[in-house]
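Working notes, structure below.
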Amino acid sequence: MKLVDPIIAFQSELQQIRRDLHAHPELCYEEQRTSDIVAAKLTEWGIPVIRGLGLTGVVGIIKSGTSERAIGLRADMDALPMQEINTFPHASKHPGKMHACGHDGHTAMLLGAARHLSQHRDFDGTVYLVFQPAEEGGAGARRMIADGLFERCPMDAIYGMHNWPGAPAGTLSVVPGPMMASSNEFHVTVRGKGAHAAQPHKGIDPVMIAVQIAQSWQTIITREKSPLDTAVLSITQIHAGSATNVIPDEAMLVGTVRTFTTPVLDLIEHRMREVAMHTAAGFGAEVDFDFKRNYPPLVNHAKETAFAVEVMKAVVGAERVDANVEPTMGAEDFAFFLQAKPGCYIFIGNGEGEHRDGGHGLGPCVLHNGSYDFNDNLLPIGASFWVRLAETSLPVAR
Ligand SMILES: [Zn+2]
Ligand SMILES: [Zn+2]
């Protein structure tokens, strides 16, 4: 690896920051302490900041030279509403809240890059350091855009990075095109007519209708979209009834749909509605169909991805770079940034969990698990990648 030497020198400080953030997790749009620390560090290093974009968002601005060119580097800051099982000293001090997605590490890596870039300024242009709130379901990226991020911080491209458990520590991976899925949820209520369970002919049984709808929806995935288009439809909740001898008035189906493209999503949503409506109508029942689109597909731009791959190779070596990683059906609100600006989103391997040296839970070191911990060995690697990406994007004429 060819890391940025001065960053290695303050690795222990970055680890301190990361572990302090880990011990004090804050949920969507509540990242007050976290954003205070980020803003204080940036200010300490002489970096002007904008606060309040996306409520608790922070943007640091580092300018050098005279070029109009600019890029954005983004880290997310929020934690999850779940219990940490780890007992090591930096485990969460707040019951029911945990940095189980590694956003503490993402924040620390970007702070490391910020410090180096502000002290060395070996680039010509502007680097915007985007510290985003509320990635975990709160669409903090969309809110920062709505609050004028790209008007106040005009940038040519934006890049994001997420740790990836299971991939060897410090490996970097990406793929052009769709890399993560759109995330959508549905709440569908079948309204029939309750009756005594011994006299079904006197009512309209919503349970049987809901079961038929549930089965038919899977046919949309297997028979109606192209087999080459990826999509998943999971019914995760079925609610109806309260007694063994009562046919209820209503039955509810709840779940998620994931796709890599919006046209496929359009087809699935449209056909789910039609199948639900017509199946219910066939039995004299009605349907309330509620379909909510949360995060769009995350689609990496080809040119920026190819550019990032070259920087990845320069930092960690070609043997630690996967430029054609398998996409995942997980979702990520960095997708909103990539709808507005060219750029790409990359994964940095977090290892199998061997970095957890005692005091961790018995569970695997995977995202959204109570035994997870970010791998501090990545701090200088991620920060070095950010620095080289900025310097290579905004080269100084020599
Ligand atoms: Zn997450
Ligand atoms: Zn995450």
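No experiment lies behind these values; they were computed from the predicted model shown. Remember, it's 1-based here, ligands and their atoms both numbered in the order they're listed.
- Ring orientation note: the planes of F291 and F289 are close to parallel, at an angle under 30° on the 30°/60° scale.
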(message) Show, in sequence, the C-alpha distance, side-chain angles and deciding distance for T189 and R191, and conclude whether the side-chain hydrogen bond (donor to acceptor under 3.5 Å, both in side chains) test is met.
(response) CA-CA 6 Å; T189 304; R191 288 192 280 115; over 6 Å; no
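- Rounded to 10°, the angle formed at the Zn ion (ligand 2) by H103 NE2 and H162 NE2 is 110°.
- Among the atoms of E135, no N, O or S atom is found under 2.8 Å from the Zn ion (ligand 1).
- Between H116 and H120, the angle of the ring planes stays under 30°, which puts this pair in the parallel group of the 30/60° scheme.
- With the Zn ion (ligand 1) at the apex, C101 SG and H368 NE2 define an angle of roughly 110° (rounded to 10 degrees).
- Within E136, the N, O or S atom at minimum distance from the Zn ion (ligand 1) carries the name OE2.
- Of the inter-residue distances, the one linking N300 atom CG with C344 atom SG reads 5.0 Å to the nearest 0.5 angstrom.
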